[in-house]
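Here's the structure we're looking at; comments come further down.
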2 protein chains.
Amino acid sequence: MKAADSNGASGAGPQRRVTINEVARCAGVSKTSVSRYLGGELSALSEDMRRQIERAIAELDYRPNQMARGLKRGRSRLVGMVVADILNPYSVAVMHGVEVACRQRGYALMLCNTAGDDELERRHLAALASYSVEGLIVHTTSQHTRDLLDAAAHGLPVVAVDREISGLAADMVGIDNRQAASVATEHLIAQGYRDLLYLSEPLDHVNPRIERLAAFEAVLAQHPACRGRALALDVHASARLDQALGDFLAATGPGPRAVFAANGVVTLETTRALRRLGCRLFEDTGLIGFDELEWCALVGSGITTVAQPTYDIGVTAAQCLMRRIEGDRSAPRQTLYRGELIVRGSTQPVAR
Amino acid sequence: MKAADSNGASGAGPQRRVTINEVARCAGVSKTSVSRYLGGELSALSEDMRRQIERAIAELDYRPNQMARGLKRGRSRLVGMVVADILNPYSVAVMHGVEVACRQRGYALMLCNTAGDDELERRHLAALASYSVEGLIVHTTSQHTRDLLDAAAHGLPVVAVDREISGLAADMVGIDNRQAASVATEHLIAQGYRDLLYLSEPLDHVNPRIERLAAFEAVLAQHPACRGRALALDVHASARLDQALGDFLAATGPGPRAVFAANGVVTLETTRALRRLGCRLFEDTGLIGFDELEWCALVGSGITTVAQPTYDIGVTAAQCLMRRIEGDRSAPRQTLYRGELIVRGSTQPVAR
DNA sequence: TTGTATGCGTTATCAG
DNA sequence: CTGATAACGCATACAA
């Protein structure tokens with residue numbers, strides 16, 4: 001005789017939930033006492049009263065209403081995550097870490113996808129605010145972050161993932177782009193590649209993109225024997241990408257040549273383009289990619305990558321945020337992980 | 001003179017938000033009128049009053065507090081999505097559709113990952129309930145769905161993605177597994193494969209897994225010239241998978257042979273295993289996979305897949321849910337999409 | 001140690 | 001058309 005209720009078919013009743021009042025009545029105490037019990041003020045309750053409350057709660061299967069709780073205390077125990085592209089494996093992996101860390105500390109997660117649209121981001125931030133989220137984890141590319149800045153200025157804790165937000169002195173957690181990009185570039189050179197193409201999405205003032213490129217160029221400057229060029233373009237424009245890649249392949253000398261893909265999306269699109277251009281993966285042309293993706297080991301002789309600890313980044317971001325929420329007012333912190341080189345066949349040059 | 005506030009550094013103020021009272025005062029009307037305005041009762045307001053309210057709202061940048069709103073009206077405009085594996089590309093793609101559809105109708109999305117853990121699922125459902133979510137979109141594998149059933153019995157609308165939930169007459173949206181699996185199997189046979197291995201994750205009473213297998217066997221029964229076997233195992237146990245795959249390869253006749261991977265995870269692990277076993281992809285052994293993944297075209301000669309319209313599935317699931325939330329009491333509906341065969345090199349047999 | 005009264009920001013029910 | 005006033009479910013200052 002449970003879960004049977006009065007409603008015959010599925011989804012009928014307006015689901016009246018048990019309130020603290022009913023628990024109080026059932027336990028024969030005042031709702032204040034129940035509230036105290038819930039608030040963990042165990043020291044201020046007599047033994048049998050506590051037992052009664054416990055019984056009543058179990059019997060009625062009472063769950064406190066977070067809406068009411070949040071309204072009263074001003075704490076919603078809600079965290080918002082704003083992501084530019086929910087389909088990006090990097091974002092998803094970070095999200096995974098965020099979700100775990102939030103749940104462990106009793107926060108729930110509201111997810112928003114801006115699809116790279118600034119107006120949408122505005123609306124999402126407004127929506128999140130309307131739910132009184134206590135903090136924000138942000139991984140977007142947008143430039144018009146007025147609303148984000150406003151939110152932060154109004155005292156809402158914000159943690160940026162993978163990039164700094166210009167004008168916002170917020171916590172940030174990501175990767176050491178200079179280290180990671182240097183390691184990758186040096187690896188290519190050590191493997192004997194002499195013509196290098198750095199391929200990135202449009203820089204758009206996105207911090208890590210700029211830093212990675214800078215590191216690439218810095219390393220290259222130390223190796224005069226190497227020729228390098230860098231291109232930032234919309235890699236989803238296949239024709240343009242093919243053109244750019246083709247130009248590079250045509251212009252290189254007889255020695256080994258390789259492409260450095262600046263992130264996971266670029267790795268994917270570059271691999272596709274190389275195939276379209278009829279390259280044998282990866283004999284014609286070497287390839288190294290930022291971001292370890294589940295399929296990198298599977299294509300051709302395997303794609304060498306610089307892996308990021310995405311899960312840890314997510315966990316750290318969330319922990320960082322929750323510390324802020326719980327009152328930490330110290331200076332903004334940056335947590336940078338190191339990129340880890342995973343060597344595969346795509347960076348073993350083969351004589352052409 | 002905006003966003004400057006009193007706080008010097010970041011994250012100081014307890015972010016007092018503008019309330020309906022202040023809007024009312026600023027507009028020189030009662031808060032009831034403001035509430036009416038917000039509720040869209042435009043017909044019941046004089047022109048200038050309406051203008052005043054509009055001005056005040058804009059001037060103060062007022063945003064209604066969803067917490068309070070939800071508390072009063074009992075409608076939180078919140079939808080919960082419970083997923084077994086947030087890292088599964090299928091789940092993510094569906095989530096994408098869900099997010100878009102929810103936003104369009106003004107619902108926000110709370111995301112939960114159960115990581116296949118029943119206890120975690122319990123807790124997540126409890127948490128979602130505590131936030132008064134108005135509906136649930138569920139994509140899990142769990143068997144102990146007591147809490148889910150309870151929730152539904154209490155009148156909470158639930159939409160299942162990709163599978164039916166036993167004991168729950170809820171809406172469902174997914175793919176026509178019999179059609180899709182049949183198409184795939186018939187394709188293999190038409191291509192000349194004579195030894196077929198169907199590889200699945202443990203059936204565990206998960207509906208689509210059972211249906212796909214059944215379709216495979218049904219088609220096979222019509223082709224006596226074909227030998228088929230089916231295996232359901234934890235594909236993450238590499239050693240066991242290698243063993244199983246090795247056994248199959250050893251036992252087959254001289255004719256073409258192929259593996260049917262029952263979902264995206266199996267496709268990934270099978271491809272890894274084939275590589276470990278030293279197979280040339282896909283000359284030794286053909287492969288067809290359920291779920292189109294972004295990398296399928298890239299490995300070897302390309303992996304033939306049966307694609308699902310994941311985005312549409314997500315959109316439909318969300319729309320379906322919101323219809324229920326808004327009062328639709330009609331009989332539970334099933335929406336089944338068709339799988340689309342995408343032929344690539346992995347199903348072009350090559351003489352061994 | 002326990003209970004009463006008040007208010008969080010909204011909407012809904014009434015009177016005017 | 002408009003505005004007091006009472007809930008919504010909970011937490012908390014205050015009183016007992």
Side-chain angles (χ1 to χ4, degrees), chain A residues 14-54 56-57 60-78 106 126-127 129-134, chain B residues 14-53 56-57 60-78 106 126 129-134:
Chain A
Q15 77 202 33
R16 268 207 50 69
R17 294 214 1 241
V18 180
T19 79
I20 201 174
N21 269 310
E22 316 181 40
V23 174
R25 194 178 329 128
C26 171
V29 303
S30 82
K31 62 182 191 173
T32 305
S33 298
V34 179
S35 179
R36 287 205 178 94
Y37 174 86
L38 296 171
E41 297 181 47
L42 14 95
S43 61
L45 291 181
S46 71
E47 190 50 38
D48 44 332
M49 176 168 259
R50 179 172 152 184
R51 237 195 295 278
Q52 282 307 306
I53 296 178
E54 228 149 28
I57 287 182
L60 301 176
D61 188 32
Y62 166 75
R63 314 284 174 81
N65 181 328
Q66 284 290 356
M67 291 281 159
R69 209 181 254 224
L71 184 59
K72 183 67 182 129
R73 302 212 316 186
R75 298 200 43 185
S76 62
R77 295 196 81 77
L78 231 35
S130 78
Y131 284 102
S132 309
V133 296
E134 297 186 48
Chain B
Q15 73 203 32
R16 269 206 49 69
R17 293 210 5 239
V18 179
T19 79
I20 201 173
N21 268 309
E22 315 181 41
V23 174
R25 197 177 326 130
C26 170
V29 303
S30 82
K31 62 180 190 175
T32 305
S33 297
V34 179
S35 179
R36 287 206 179 94
Y37 174 86
L38 296 171
E41 297 180 48
L42 13 95
S43 60
L45 291 181
S46 71
E47 190 50 38
D48 44 331
M49 175 169 261
R50 178 172 153 184
R51 237 194 297 276
Q52 282 307 306
I53 296 177
I57 287 181
L60 301 176
D61 189 32
Y62 165 74
R63 314 283 175 82
N65 182 328
Q66 284 290 357
M67 291 281 161
R69 214 180 251 224
L71 183 58
K72 183 62 183 145
R73 301 210 317 185
R75 299 200 41 184
S76 62
R77 295 199 79 80
L78 232 34
S130 79
Y131 283 102
S132 311
V133 295
E134 297 185 47

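Reckoned from all heavy atoms, side chains included, excluding hydrogens, waters and symmetry mates. These figures come from a predicted structure and were not determined experimentally.
Here R25(A) pairs with E22(A) under the side-chain contact (heavy atoms from CB on, under 4.5 Å) rule; sequence neighbours left out.
Residue contacts shown for T19(A) are limited to sugar-phosphate atoms, with no base heavy atom under 4.0 Å away. Within the nucleic acid shown, Y62(A) comes within 4.0 Å of sugar-phosphate atoms alone, with no base atom in reach, counting heavy atoms only.
If you take CZ of R73(A) and P of dC8(D), they are 22 Å apart, rounded to a whole angstrom. Between N65(A) atom CG and dA7(D) atom P the separation is 18 Å, expressed in whole Å. The separation between L71(B) atom CG and dA11(D) atom C1' is 13 Å, rounded to whole Å. Atom CG in L38(A) sits about 9 Å away from atom C1' in dC10(D), given to the nearest Å. When the C1' atom of dC10(D) is taken as reference, atom CE of M67(A) falls 13 Å away, rounded to whole Å. Separating the CZ atom of R75(A) from the P atom of dC10(D) is a distance of 17 Å, rounded to the nearest angstrom.
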What verdict does the side chain to side chain contact (heavy atoms under 4.5 Å, CB included) test give for S132(A) and L78(A), after you've listed the backbone C-alpha separation in whole Å, the side-chain angles of each residue and the deciding distance to 0.1 Å? CA-CA 7 Å; S132(A) 309; L78(A) 231 35; over 6 Å; no
Kindly indicate, with the supporting measurements, whether the criterion side chain to side chain contact (heavy atoms under 4.5 Å, CB included) is fulfilled by S76(B) and Q66(B). CA-CA 7 Å; S76(B) 62; Q66(B) 284 290 357; over 6 Å; no
Using side chain to side chain contact (heavy atoms under 4.5 Å, CB included), reason through V18(B) and V23(B) one step at a time and then give a plain yes or no. CA-CA 8 Å; V18(B) 179; V23(B) 174; 4.2 Å; yes
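Judged by distance alone, the side chain of R77(A) and the main-chain N or O of G106(A) form a donor-acceptor pair under 3.5 Å.
Taking every nucleotide of DNA chain C with any atom under 4.0 Å from a non-hydrogen atom of chain A, the first and last of them, 5' to 3', are dT1(C) to dG9(C).
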Output one line per pair: protein atom, nucleotide atom from nucleotides 1-4 of chain D, and distance, for all N/O pairs under 3.5 Å.
{"unit_1": "dT2(D)", "atom_1": "OP1", "unit_2": "S46(B)", "atom_2": "OG", "d": "2.8"}
{"unit_1": "dT2(D)", "atom_1": "OP2", "unit_2": "S46(B)", "atom_2": "N", "d": "2.7"}
{"unit_1": "dT2(D)", "atom_1": "O4", "unit_2": "R36(B)", "atom_2": "NH2", "d": "3.4"}
{"unit_1": "dG3(D)", "atom_1": "OP2", "unit_2": "S30(B)", "atom_2": "N", "d": "3.3"}
{"unit_1": "dG3(D)", "atom_1": "OP2", "unit_2": "S30(B)", "atom_2": "OG", "d": "3.4"}
{"unit_1": "dG3(D)", "atom_1": "OP2", "unit_2": "S33(B)", "atom_2": "OG", "d": "2.8"}
{"unit_1": "dG3(D)", "atom_1": "N7", "unit_2": "R36(B)", "atom_2": "NH1", "d": "3.3"}
{"unit_1": "dG3(D)", "atom_1": "O6", "unit_2": "R36(B)", "atom_2": "NH2", "d": "2.4"}
{"unit_1": "dA4(D)", "atom_1": "N7", "unit_2": "T32(B)", "atom_2": "OG1", "d": "3.3"}
{"unit_1": "dA4(D)", "atom_1": "N6", "unit_2": "T32(B)", "atom_2": "OG1", "d": "2.7"}

